[in-house]
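Computed over heavy atoms, backbone and side chain alike; hydrogens, waters and symmetry mates excluded.
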Amino acid sequence: MSVPLKNDRFLRALRREPVDRTPVWLMRQAGRYLPEYRATRAGAGSFLAMAKNPELACEVTLQPLRRFPLDAAILFSDILTIPDAMGLGLHFADGEGPKFERPVRDAAAIARLGVPDMETELRYVMDAVRTIRRELDGQVPLIGFSGSPWTLACYMVEGGGSKEYGRIKAMALNDPAALHALLSVNTDAVIAYLAAQRAAGAQALQVFDTWGGVLSPSMYREFSLPYLTRIARELDRGEGDARTPLILFGKGNAPHLEALAASGCEAVGVDWTIDLEEAVHRVGGKVALQGNLDPAVLYGAPDAIREQVREVLDSYAAGNGGSREGHVFNLGHGMSPDMDPAHVGALVEAVHELSARG
């Protein structure tokens with residue numbers, strides 16, 4: 001039997017219900033800016049060793065909650081678990097980020113891909129979800145997540161990170177059928193992956209379309225948006241108050257807010273390149289909004305952070321008829337390793353103080 005939530009304001013905000021203050025969690029809230037994270041990683045020997053050990057993944061997930069009164073925990077994992085489970089040979093090169101030993105660059109390689117089994121190849125993720133839910137003991141909700149089909153495809157075709165995305169854009173231009181085949185199998189896998197996380201105990205789900213913003217508007221409408229929409233419409237999330245909310249986040253997704261709001265998701269996460277007042281008007285009350293402080297604000301002094309937090313909160317309320325309901329405070333992208341934990345504490349405190357309902 002699941003433990004009742006002691007703090008459900010994050011889930012209530014995603015349902016656009018009244019809350020006592022705006023909930024806040026932060027992308028990459030479990031990460032290298034925390035000395036305890038660095039100590040855990042050093043003991044594990046590598047990022048992947050830590051991510052594939054459910055007990056260590058649980059420990060890292062809980063570390064920021066011990067420091068800050070955050071309103072949600074997010075599973076510690078990586079967006080590239082799916083292609084790794086497909087056999088592409090994920091590894092992390094020092095100073096270079098993730099790499100794949102066997103990238104997929106033609107129709108034949110794509111045809112060999114299949115949806116991994118979630119309780120065998122990806123059991124370590126589901127075991128981590130189960131372990132975290134147990135250890136959270138109802139403190140706050142747990143967010144599960146996946147990379148988007150397009151973002152996964154970028155890494156799978158390029159073989160790692162990229163500045164130009166030349167290989168995958170060439171595939172989009174020269175062999176769009178192959179790219180659609182890749183995006184289709186990725187979408188099937190993401191739906192199965194998120195469903196398995198939900199079954200294991202995740203109480204909200206987020207899709208990271210990190211590289212959606214590198215596409216032109218027409219390419220985004222062809223190679224990213226339809227697959228995000230498929231996820232939103234085909235992923236079984238339950239009904240009513242028991243429904244597991246889905247957040248679609250994309251860096252550079254501001255041009256597509258109306259389409260994302262119509263996809264069937266419960267919330268859209270936006271980066272810092274658009275005022276929330278405008279975003280609220282454009283989504284027309286169809287979804288909650290998450291965001292959207294520029295992560296670089298965390299390099300500012302606590303007083304400056306507080307003023308920028310106020311601006312984000314007020315921008316949302318200005319677009320929403322003065323109401324703060326339906327807003328989850330977050331960064332417009334993830335934190336960086338050189339950020340000061342004390343500044344994170346100042347941010348969380350400011351969100352809760354400045355958004356407190358009268």
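Taking each heavy atom of L142 and I74 in turn, the nearest pair found is CD1-C, 4.1 Å. Shown here for P83 and M156, the closest heavy-atom pair between the two residues is CB-CG, 3.6 Å. Residues D127 and P54 approach most closely at CB-CG, 3.6 Å, considering heavy atoms. Contact detail for G332 and P295: the closest heavy-atom pair is N-CD, 4.2 Å. The nearest pair of heavy atoms linking S162 to G166 is OG-N, 4.4 Å. Counting all heavy atoms, side chain and backbone alike, D71 lies closest to P23 at OD2-CA, 3.1 Å.
Once rounded to the nearest 0.5 Å, the distance linking SG of C154 with CG of L80 reads 10.5 Å. To the nearest 0.5 Å, atom CD of residue E311 and atom CG of residue L276 are 11.0 Å apart. The CZ atom of R21 sits 14.5 Å away from the CZ atom of F329 when rounded to the nearest 0.5 Å. Separating the CD atom in Q29 from the CG atom in L331 is a distance of 9.5 Å, to the nearest 0.5 Å. In this structure, the separation between CD1 on I110 and NE2 on H180 is 11.5 Å, given to the nearest 0.5 Å. In this structure, the separation between NZ on K52 and CG on L56 is 14.0 Å, given to the nearest 0.5 Å.
When side chains are defined from C-beta on, P103 does not count as touching V157, because their heavy atoms never get closer than 4.5 Å. The shortest distance between side-chain heavy atoms of D209 and S224 falls below 4.5 Å. Proximity of H91 to F100: side-chain heavy atoms (C-beta onward) are nowhere separated by under 4.5 Å. When side chains are defined from C-beta on, V287 does not count as touching L14, because their heavy atoms never get closer than 4.5 Å. Residues V280 and L289 have side chains in contact (heavy-atom distance under 4.5 Å, counting atoms from C-beta outward). L205 places none of its side-chain heavy atoms less than 4.5 Å from the side chain of F145. Counting only heavy atoms from C-beta outward, the side chains of T40 and Q63 approach each other to under 4.5 Å. Here the side chains of P116 and L122 are in contact, with some heavy-atom distance below 4.5 Å.
Side-chain contact check for Y33 and H343: no donor-acceptor pair (N or O, by modelled atom type) lies under 3.5 Å. No side-chain N or O of Y299 forms a donor-acceptor pair with one of D340 less than 3.5 Å apart. Between H327 and N320, the side chains place no donor N or O within less than 3.5 Å of an acceptor N or O (distance only, hydrogens not considered). Side-chain N/O atoms of T22 and R357 include a donor and acceptor closer than 3.5 Å.
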Could you give me the CA-CA distance, side-chain angles and deciding distance for L5 and F10, then say whether side-chain contact (heavy atoms from CB on, under 4.5 Å) is met?
CA-CA 11 Å; L5 276 170; F10 167 68; over 6 Å; no

Given T273 and D271, is the side chain to side chain donor-acceptor pair (under 3.5 Å) satisfied, shown in steps?
CA-CA 6 Å; T273 62; D271 70 15; 2.6 Å; yes

Steps toward side-chain contact (heavy atoms from CB on, under 4.5 Å) verdict (N186, M86)
CA-CA 10 Å; N186 282 356; M86 289 176 169; 3.8 Å; yes

Is there a side chain to side chain donor-acceptor pair (under 3.5 Å) between R198 and T244 once you walk through the steps?
CA-CA 8 Å; R198 177 176 180 263; T244 303; 2.8 Å; yes

side-chain contact (heavy atoms from CB on, under 4.5 Å) between L225 and L260: does it pass, once the steps are laid out?
CA-CA 8 Å; L225 180 62; L260 289 166; 4.0 Å; yes

Going through the checks in order, is the side-chain contact (heavy atoms from CB on, under 4.5 Å) test met by V309 and L347?
CA-CA 7 Å; V309 166; L347 183 155; 4.1 Å; yes

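Using the six-membered ring where Trp is involved, W211 and Y155 have ring planes that are tilted, between 30° and 60° apart. Using cut-offs of 30° and 60° for the angle between ring planes, the F249 and F208 rings count as perpendicular.
Between R112 and D106 there is no salt bridge, since no side-chain nitrogen of the basic residue lies less than 4.0 Å from a carboxylate oxygen of the acidic one. R237 has a carboxylate O that lies under 4.0 Å from a charged side-chain N of E266, or vice versa, which qualifies the two as a salt bridge. Looking at E258 and K286, no side-chain N of the basic residue comes within less than 4.0 Å of a carboxylate O on the acidic one, giving no salt bridge. Using a cut-off of 4.0 Å between Lys/Arg side-chain N and Asp/Glu carboxylate O, R310 and D314 are scored as not salt-bridged. Of the charged side-chain nitrogens involved, at least one lies within less than 4.0 Å of a carboxylate oxygen, so that E119 and R130 count as a salt-bridged pair. A salt bridge does not link E349 to R306: none of the charged side-chain nitrogens sits closer than 4.0 Å to a carboxylate oxygen.
A distance-only check finds no donor-acceptor pair linking the side chain of T151 to the backbone of G147 [under 3.5 Å].
Atom CD of E101 has more than 12 neighbouring heavy atoms from other residues, nucleotides or ligands inside a 6.0 Å radius. For K6, the NZ atom counts as densely surrounded, since its 6.0 Å shell holds more than 12 non-hydrogen atoms of other residues, nucleotides or ligands. Around atom CG of D303, no more than 12 heavy atoms belonging to other residues, nucleotides or ligands sit under 6.0 Å away.
Test D188, L194, T187 against V190 for side-chain contact (heavy atoms from CB on, under 4.5 Å) and you get one pass: L194. For the salt bridge (charged side-chain N to carboxylate O under 4.0 Å, His left out) with E36, the qualifying choice from R66, R41, R67 is R67, the only one to do so.
Ring centroids of F47 and F76 are separated by less than 6.0 Å, placing the two rings close together.
Residues L235 and L11 fall within the same hydrophobic cluster, defined by Ile, Leu, Val, Met, Phe, Trp and Tyr side chains chained together at heavy-atom separations under 4.5 Å. Linking ILVMFWY side-chain heavy atoms closer than 4.5 Å, directly or via other members, places M27 and V351 in a single hydrophobic cluster.
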